[in-house]
Each structure stands twice: as structure tokens, then as C-alpha cells.
Amino acid sequence: MTLTIHRGTHEIGGSCVELHTAEAKILIDFGLPLDYEKRTPEEQEQIRRTATEWCKGVDALFLSHAHADHYGLFDLLPNDTPVYATEDTFAMLALDGILGKDPTTHLKKCPMRGYQPYEISGLTITAYPIDHSAYGACALLFEAEGKRVLYSGDVRLHGVKGKLYKQLPREVDYLLLEGTNIAREQHNPTEQDVENEFIKTFDDAPYALNLVWCSSKNIDRICALFRACRRRGKTLVIDPYTANVLAAVSKLNPKIPSATTTEQIKVYFPPRLTTRLTERDQRQYIYSLNPRENKITYTEISTTPERYVMLVRPSVVEFLQKIDAPQIRFIKSIWSGYWDDPNTERFRHWVEANCEQLPDIHSSGHADITSLQRIVKFVQPKHLVPIHTDSPNRFAELFPDSSIISSNDNKEMNI
Ligand SMILES: [Zn+2]
């Protein structure tokens with residue numbers, strides 16, 4: 001069997017791994033580099049051309065989770081390629097269809113259940129659900145030709161499902177472990193800490209309108225914010241895109257709140273976003289939210305701003321401009337790199353001119369160093385292979401008892 005990390009040995013994001021046995025060619029993740037949008041058109045073309053080569057003759061693709069740096073090149077996969085992922089991951093991918101395109105429409109979808117082995121041409125593959133900021137994330141175990149290879153995907157231990165790592169298989173031959181935070185000496189707060197921090201912030205300024213910028217797909221974070229709102233008697237106000245995301249996820253898991261299942265979530269309708277959703281499918285994306293009962297206007301928010309916490313995104317700035325409140329506070333609950341993105345410029349200017357900007361209330365979607373060490377101690381792999389990291393050299397220092405195999409992109413390893 002050969003193992004090739006096509007991208008990810010010295011880079012966070014854009015992951016793609018190939019496993020080749022005598023009978024099968026398998027790809028694991030097929031992601032877009034995080035800096036893709038900042039590359040020149042020629043470089044982008046080169047990335048796509050190279051990735052097209054990687055997926056030639058692929059028998060199946062296994063996806064760890066629904067983040068674009070792991071699935072963003074799916075459009076290059078040949079039609080009807082079998083793609084395996086958890087049902088929750090497929091549901092998250094389908095959400096791209098709300099404003100754009102479901103990346104799996106041309107593929108053969110094969111939903112996997114956790115802990116259940118699947119056979120493909122002599123390979124046995126098992127998904128192990130783990131905690132990450134993407135709903136439905138899993139680690140993947142590949143068994144063939146007497147070898148066991150575990151791919152961590154993106155993982156953390158400080159989220160609500162952090163303990164799932166104790167269900168991972170042990171004593172595998174190779175553990176491909178993500179190292180996003182391996183060079184960052186930081187301790188990550190839990191989602192419970194994040195919830196408490198939101199509450200403290202609300203209490204500091206009881207008459208303010210609080211705006212929180214967080215990814216619409218970071219379900220655990222939205223739940224933490226919602227719990228904080230509920231504990232302080234505030235209503236969480238979300239845009240119709242986020243409302244559609246929550247509606248879809250609450251169908252999979254009724255414990256997740258949505259605008260139609262709780263009175264403590266209301267929906268605001270920014271003009272441009274609402275028009276886009278109306279043009280796509282008014283019945284599905286607007287009427288299904290029951291706006292007659294769940295809609296909130298900027299006048300209502302302006303009248304009693306202290307009652308509300310708004311989830312905001314750069315595309316809702318037109319709506320924010322209409323709000324008239326004496327004190328508006330802005331909190332980032334998202335990776336800070338998005339703040340400087342060229343697409344956020346108008347939003348950023350509005351925030352700077354109209355809001356009191358508070359320190360971020362955020363926690364990484366990725367394991368910190370101590371957590372990575374706990375994973376390795378638990379799994380006890382024969383060999384540790386760094387991936388999804390910009391600092392593979394730090395592995396040797398942090399895992400002195402492990403046999404570390406650092407590779408280079410596109411280098412074929414016989415295992
Ligand atoms: Zn991820």
C-alpha cells in the first residue's frame with residue numbers, strides 16, 4: 001500500500017491524501033487551499049489542474065468533514081465518483097445549495113454510519129465521529145494489506161463532544177494527525193466557557209444591543225450563544241440564511257434550536273440576501289421560516305435593543321445601517337483571519353464607525369498542543385505523520401516518544 005499526502009504536509013487547509021492498494025485508489029479529502037482566493041488566476045488554474053490529476057481513476061473519496069479546505073475541489077471529481085461521509089456531513093454540504101450549489105450533486109453519495117466498517121476492493125473503512133467546529137466531523141480508519149491507517153481529520157477535545165476521542169481505534173500503524181495549532185502556545189476555552197463569556201459581556205452593558213459575528217455553520221457556537229441569550233432572557237436574532245441552516249440541522253437533531261421551534265429565535269430580513277433567497281426558492285427558503293410569526297424588523301430592534309442579540313455577517317450590513325440604537329457592541333466569535341478579508345470591507349467600516357468593539361469571544365476548532373498529546377497517548381500509533389500543519393518540525397519536540405514520519409507534498413510512501 002502507498003500513502004501520498006498530495007497537499008497538507010506543510011500547509012493548513014487544502015488537504016488531500018491518497019491511499020493506493022493493489023486493488024484500489026482512494027482519496028481522503030479534496031480541499032481548497034485557504035489562501036486560494038488570494039492567489040493569481042494562473043496559480044488558481046495550476047492548483048485545479050494538479051488536483052484534476054490526483055483524482056484520475058479514483059475508486060472512492062472519503063470526506064472527514066464539511067469545511068471547504070477539505071472539500072472545496074469536489075467540482076473536479078469525475079461524475080458519479082462514490083463519495084463517503086457521515087449523513088450529518090452530507091446535510092452540511094447540501095447547505096451550500098441555499099445560496100450556491102450543493103457540491104455533491106454530480107457525485108454518488110454514500111452516507112456512512114459511525115463505527116460501522118465499509119468494504120471497498122479489499123479496503124475496510126470506518127468513520128469515528130469526533131469533535132470539531134464542523135457538524136458531523138469524523139476521523140477515518142483505513143485497513144488493508146495488514147496495515148491500519150488512522151486519519152484524524154480536523155479534531156479538538158475542548159468542544160461539546162470532546163470525549164469522543166476515547167472511542168478512536170488504538171495501536172494503529174500510522175496516525176495522520178492534524179497540527180493546526182502545533183506552533184501556537186494557546187489554551188482553548190470550552191464552549192461552556194464561551195457561553196459564560198457571552199453572559200458576562202451581556203451583563204456588562206445591560207442596555208446595549210449586542211452583535212455577534214460567527215459562522216452560520218458553526219452549530220455548536222450558535223448553540224452556546226443561544227444558551228447565553230436564554231439565560232439572560234434575550235432573543236437571538238438571525239438572518240434567513242442562518243435560519244435555513246438551523247432549520248436543516250434541527251431536523252437531524254431536534255435538540256438544536258431553530259426559528260420555527262423556539263420563540264427565542266427571530267429572523268431579520270436584510271434586503272439583498274432576502275431577494276437572493278426569494279429568487280432561488282421563495283417557498284423553501286423564506287415561507288418555510290414562517291415570517292408572519294418569526295420576522296423581526298429594524299424598528300422593533302431599535303425600540304428595545306437591550307432585548308436582542310443579533311448574529312451578523314458581512315452581507316447584512318444594509319440592514320444594520322437602518323438600526324438606531326444608543327449603544328451597539330460588536331463581538332467576533334470567528335477565526336480572526338476573516339476580519340481582513342477584502343469582502344468584509346464595507347461591514348468592517350460600518351462596525352468601526354458605529355460599534356464598540358469588544359475582545360473576541362472565540363475558541364479554536366482545532367486541538368491545542370496538550371490535546372494533541374492526549375490523542376497520541378490514547379491511540380499509541382506505531383508512526384505519527386504530521387498533516388494540516390505549517391510547522392511539521394514541531395512534532396518531534398512535542399512527541400519525543402513517537403516515531404514521526406514527516407513527508408513532503410506528493411511524496412509517495414510505501415507503508
Ligand atoms: Zn475543518
Side-chain angles (χ1 to χ4, degrees), residues 5-17 27-37 51 61-74 83-96 103-104 112 114 127-140 150-162 164-165 168 175-184 186 188 191 194 214-224 245 249 333-338 341 362-369 371-372 375 385-392:
I5 300 177
H6 286 301
R7 193 189 297 108
T9 60
H10 291 78
E11 183 177 339
I12 296 170
S15 297
C16 180
V17 180
L27 287 184
I28 312 164
D29 289 350
F30 201 38
L32 200 64
L34 281 172
D35 62 354
Y36 183 82
E37 294 299 331
L61 186 140
F62 287 81
L63 175 66
S64 61
H65 66 283
H67 276 159
D69 63 322
H70 292 255
Y71 76 83
L73 291 171
F74 269 22
V83 170
Y84 290 77
T86 64
E87 210 162 332
D88 289 348
T89 292
F90 279 121
M92 296 310 283
L93 293 172
L95 296 175
D96 284 8
T104 61
M112 295 177 94
Y128 290 83
I130 37 105
D131 193 279
H132 180 45
S133 47
Y135 194 73
C138 66
L140 293 159
L150 179 63
Y151 173 72
S152 70
D154 287 358
V155 62
R156 64 176 182 174
L157 306 192
H158 56 276
V160 283
K161 297 177 195 149
L164 283 176
Y165 85 96
L168 287 172
L175 169 61
L176 276 67
L177 181 64
E178 74 116 318
T180 312
N181 286 334
I182 199 100
R184 294 163 189 84
Q186 62 182 27
N188 288 310
E191 291 297 324
V194 167
C214 137
S215 160
S216 300
K217 287 187 186 167
N218 191 341
I219 306 300
D220 290 349
R221 183 59 44 80
I222 296 176
C223 288
V245 170
V249 182
S333 189
I334 197 165
W335 178 54
S336 55
Y338 292 130
D341 194 281
H362 187 46
S363 188
S364 173
H366 302 271
D368 51 27
I369 292 168
S371 301
L372 292 171
I375 294 170
V385 185
I387 191 167
H388 203 274
T389 180
D390 52 13
S391 311

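Every number for a ligand or one of its atoms is a count from 1 in the order of the listing. Fair warning: this is a prediction, and the values are worked out from it, not measured in the lab.
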Taking atom types as modelled, find out whether S364 and N188 have a side-chain donor-acceptor pair closer than 3.5 angstrom.
no
Within 2.8 Å of the Zn ion (ligand 1), is there any N, O or S atom belonging to H70?
no
Salt bridge flag under 4.0 Å for residues D69 and R7:
no
Do H132 and H67 have side-chain N/O donor and acceptor atoms under 3.5 Å apart?
yes
Have a look at the Zn ion (ligand 1) and estimate, to 10 degrees, the angle subtended by OD2 (D154) and NE2 (H65).
90°
Per residue H67, nearest N, O or S atom to the Zn ion (ligand 1) is named ND1
Taking the six-membered ring for Trp, are H70 and H65 parallel (under 30°), tilted (30 to 60°) or perpendicular (over 60°)?
tilted
